[in-house]
Amino acid sequence: MDQEYERRLLRQINHQNLPTEAPLTKCVSATCSPVSVKSGDRFIPTRAGSNWSINFHYANENCRSPNQNHKAKDASSDSSKDAVAYAALLRNELLGAGIETVPDPHTDDRRHAVLSQDSHSLFRYTVHTKRVPFDSDNEVSPYSLSPLSNKSHKLLRSPRKPARKISKIPFKVLDAPELQDDFYLNLVDWSAGNLLSVGLGACVYLWSACTSQVTRLCDLSVDGDSVTSVCWNERGSLVAVGTHKGYVQIWDAAGGRKLTSLEGHSARVGALAWNGEQLSSGSRDRVILQRDVRTPPSAERRLQGHRQEVCGLKWSPDHQHLASGGNDNKLLVWNSSSLLPVQQYSDHLAAVKAIAWSPHQHGLLASGGGTADRCLRFWNTLTGQALQSTDTGSQVCNLAWSKHANELVSTHGYSQNQILVWKYPSLTQVAKLTGHSYRVLYLAVSPDGEAIVTGAGDETLRFWNVFSKTRCTKESKSVLNLFTRIR
């Protein structure tokens with residue numbers, strides 16, 4: 001093609017592409033040239049790797065205050081189910097996914113976590129060789145006026161679970177003077193008879209959740225000793241009391257009398273755990289003693305595996321394995337016959353006091369680390385595998401599983417002093433409860449499995465309904481100073 005003809009053709013095309021409403025002006029600048037007017041191929045940046053929903057979300061977050069961000073997160077959590085339902089509806093109509101029920105956004109099944117992952121492709125090129133017969137479940141009736149498929153109609157009519165509301169205010173608060181702020185002690189326990197035992201200084205008090213009456217069980221000040229741990233047996237008739245001098249006393253709660261006093265430890269006993277008629281005790285002397293309260297004290301098993309103080313003990317629901325945590329950052333699992341641990345976990349970076357066996361899954365053990373670790377970790381003790389872990393952001397002091405659902409509650413110390421309710425295995429936070437001004441060092445679950453009680457160094461006991469499903473709780477903001485009535 002002739003160059004002069006090509007130049008005239010390009011000039012004519014550029015002239016036609018200029019806006020008609022804007023007057024043409026001559027360029028007087030030295031930088032203007034025919035090259036600046038020439039229209040070639042445009043540069044179109046690729047957007048394939050961009051996630052615009054995330055980008056715009058972060059852009060809006062940067063423009064808002066922290067308080068507005070917190071409110072926005074609450075609003076987004078309330079509308080999460082609507083977003084999941086809408087996404088499922090789009091998948092039905094565009095991809096033919098055939099979803100009939102709305103998946104729970106906090107479900108244990110992680111297949112619903114990312115709705116975009118699907119085996120179907122949006123653009124499919126298929127050749128239909130024969131007519132597919134009418135399917136009442138998948139196809140729309142020819143007489144229907146709705147643009148949606150039958151699957152989408154079932155999706156919209158599917159029942160939706162109401163969101164469970166957990167009160168962030170305790171329904172009862174008790175004063176507990178002289179409740180020690182010591183991470184290695186276990187001073188609160190709730191019996192099967194609905195009696196709460198609390199170690200305050202040198203005394204052990206019993207509080208009835210039915211009548212709100214308080215009785216003093218024992219006073220160790222006459223022996224110059226103090227209470228370092230309390231633990232009820234499974235039937236709720238006996239309470240074991242560990243002392244600072246290394247003794248373990250067995251008390252009859254109904255009769256208010258001491259049955260026996262067990263020796264064997266050379267330092268304070270900070271952890272106790274019953275297994276039928278057998279009692280296990282962990283001490284600062286790094287030894288775990290297992291004794292049958294029906295036999296003479298000489299018949300005992302000494303379990304030595306920790307290099308520092310034993311601060312956590314829990315028996316499995318099948319009564320076959322004992323889990324122990326120590327200040328040496330170790331989590332050990334013992335069976336009922338061996339004198340050496342059958343399993344040892346060393347992933348924690350701080351003391352392991354929080355230990356809990358799952359009542360829903362055989363062999364599942366949860367543990368929490370101290371200030372330098374801050375992690376919740378889950379273990380399969382049947383295979384010895386580490387399952388999951390999550391950083392809670394603060395010291396883990398206690399753990400307890402729900403009896404009704406696959407959930408657990410954790411209490412924390414430095415630096416947030418909060419109470420968290422988790423859903424397992426997704427490890428999503430169901431609720432966050434605050435109110436204690438000191439580390440939440442003590443935790444016990446009610447015998448019906450609906451309420452928990454927490455204790456802290458602020459010398460208060462707070463009762464929360466975290467696992468309740470049937471009854472409506474009445475919140476009481478008044479402080480009941482019951483423990484101070486006993487002198």
Side-chain angles (χ1 to χ4, degrees), residues 176-189 197-205 216-233 238-251 258-274 278-291 293 297 300-315 322-332 334 350-355 370-371 395 397-398 411 413 438-444 455-457 459:
E178 297 186 57
L179 185 61
Q180 298 188 48
D181 183 26
D182 194 326
F183 176 79
Y184 300 98
L185 306 186
N186 293 274
L187 298 175
V188 177
D189 197 19
S197 61
V198 184
L200 302 178
C203 301
V204 175
Y205 294 95
R216 185 172 60 189
L217 180 65
C218 64
D219 186 356
L220 307 182
S221 60
V222 293
D223 300 326
D225 209 345
S226 61
V227 180
T228 54
S229 57
V230 294
C231 185
W232 288 95
N233 66 345
L238 303 178
V239 57
V241 179
T243 72
H244 185 78
K245 291 185 176 181
Y247 296 101
V248 178
Q249 300 181 1
I250 310 298
W251 287 77
K258 182 171 66 174
L259 301 180
T260 183
S261 180
L262 304 176
E263 301 179 356
H265 289 292
S266 59
R268 69 179 182 185
V269 179
L272 296 169
W274 286 89
Q278 295 181 345
L279 177 62
S280 301
S281 57
S283 171
R284 183 183 270 181
D285 61 9
R286 304 169 293 179
V287 176
I288 301 173
L289 293 182
Q290 186 172 330
R291 294 169 279 205
V293 297
E300 63 182 19
R301 295 177 62 232
R302 297 178 64 89
L303 307 180
Q304 296 179 330
H306 288 283
R307 297 182 177 180
Q308 293 189 38
E309 179 174 6
V310 180
C311 49
L313 285 177
K314 284 290 167 46
W315 276 96
L322 172 68
S324 64
N327 197 34
D328 54 358
N329 310 344
K330 297 292 190 300
L331 175 65
L332 305 182
W334 316 75
V352 183
K353 176 191 177 185
I355 302 173
T371 307
Q395 177 188 42
C397 301
N398 284 284
T411 66
Y438 280 69
R439 296 181 294 174
V440 190
L441 298 176
Y442 311 110
L443 170 68
E459 298 185 347

Practice prompt. Under the side chain to side chain contact (heavy atoms under 4.5 Å, CB included) rule, what do Leu322 and Ser280 come out as? Steps first, then yes or no, please.
Written response: CA-CA 9 Å; Leu322 172 68; Ser280 301; 4.0 Å; yes
Worksheet entry | Atom NE2 of His265 with >12 non-hydrogen neighbours under 6.0 angstrom | yes
Item to complete: Mark yes or no for whether Thr228, through its side chain, and Gly242, through its backbone, hold a donor-acceptor pair below 3.5 Å.
Response: yes
Fill in: Point-to-point distance, once rounded to the nearest 0.5 Å, from CG of Leu313 to CH2 of Trp334
10.0 Å
Worksheet item: Does a sphere of radius 6.0 Å around OH in Tyr247 hold more than 12 heavy atoms from other residues, nucleotides or ligands, not counting ones at 6.0 Å or beyond?
Response: no
Fill in: Sub-4.5 Å side-chain heavy-atom contact between Arg301 and Leu289
no
Practice prompt. Drop me the distance from Ile288's CD1 to Ser281's OG, to the nearest 0.5 angstrom.
Written response: 8.5 Å
Practice prompt. Return the set of residues passing salt bridge (charged side-chain N to carboxylate O under 4.0 Å, His left out) with Arg286 (not counting sequence neighbours), or none when no residue passes.
Written response: none
Worksheet item: Closest heavy-atom contact between Gly413 and Cys397?
Response: N-SG, 3.6 Å
Worksheet entry | Flag side-chain contact, heavy atom, 4.5 Å: Thr260 against Arg291 | no
Worksheet item: By salt bridge (charged side-chain N to carboxylate O under 4.0 Å, His left out), which residues pair with Asp223, not counting sequence neighbours?
Response: none
Practice prompt. Enter the distance from Tyr442:OH to Thr411:OG1 here, rounded to the nearest 0.5 Å.
Written response: 10.5 Å
Worksheet entry | Rounded distance [0.5 Å steps], CZ in Arg268 versus OG1 in Thr243 | 11.5 Å
Worksheet item: For the side chain of Asn329 and the backbone of Ala351, is there at least one donor-acceptor N/O pair under 3.5 Å apart?
Response: yes
Worksheet item: side chain to side chain contact (heavy atoms under 4.5 Å, CB included) between Tyr184 and Arg284: does it pass, once the steps are laid out?
Response: CA-CA 9 Å; Tyr184 300 98; Arg284 183 183 270 181; 5.9 Å; no
Discussion item. Can you tell me which residue among Val241, Leu259, Val230 is in a side chain to side chain contact (heavy atoms under 4.5 Å, CB included) with Trp251?
Written reply: Val241
Fill in: Sidechain-backbone polar pair: Lys353 side chain, Asn186 backbone, donor-acceptor under 3.5 Å
no
Discussion item. For Arg439, give me all partners under salt bridge (charged side-chain N to carboxylate O under 4.0 Å, His left out), at least two apart in sequence or on another chain.
Written reply: Asp181
Worksheet item: Distance-only, no hydrogens or angles: does the Ser283 side chain make a donor-acceptor pair with backbone N or O of Ala267 under 3.5 Å?
Response: yes
Discussion item. Any heavy-atom pair between the side chains of Leu279 and Ile250 that's under 4.5 Å?
Written reply: yes
Practice prompt. Spell out, as yes or no, whether a donor-acceptor pair under 3.5 Å connects the side chain of Ser229 to the backbone of Leu272.
Written response: no
Worksheet, complete the sentence: Here the gap from Trp232 atom CH2 to Trp274 atom CH2, rounded to the nearest 0.5 Å, amounts to 11.0 Å
Item to complete: Would you confirm whether Ser221, through its side chain, and Ala202, through its main-chain N or O, come within 3.5 Å as a donor-acceptor pair?
Response: no
Fill in: Candidate list Asp328, Asn327, Asp285, test side-chain hydrogen bond (donor to acceptor under 3.5 Å, both in side chains), partner His306, passing option
Asp328
Fill in: Steps toward side chain to side chain contact (heavy atoms under 4.5 Å, CB included) verdict (Leu187, Val227)
CA-CA 8 Å; Leu187 298 175; Val227 180; 4.0 Å; yes
Discussion item. Taking His244's backbone N and O only, do any of them form a donor-acceptor pair with Asp225's side chain (distance below 3.5 Å, no angle check)?
Written reply: yes
Response to the item:
Of all heavy-atom pairs linking Ala271 and Val310, the shortest is CB-O, 4.3 Å
Fill in: Nearest heavy atoms of Ala350 and Thr371, plus distance in Å
CB-N, 4.1 Å
Fill in: Nearest-0.5 Å distance, CD of residue Glu178 to OG of residue Ser226
10.0 Å
Worksheet item: Does the Gln304 side chain pair with the main chain of Val287, one donor and one acceptor, at a distance under 3.5 Å?
Response: no
Worksheet entry | side chain to side chain contact (heavy atoms under 4.5 Å, CB included) between Lys245 and Leu220, intermediate numbers included | CA-CA 11 Å; Lys245 291 185 176 181; Leu220 307 182; over 6 Å; no
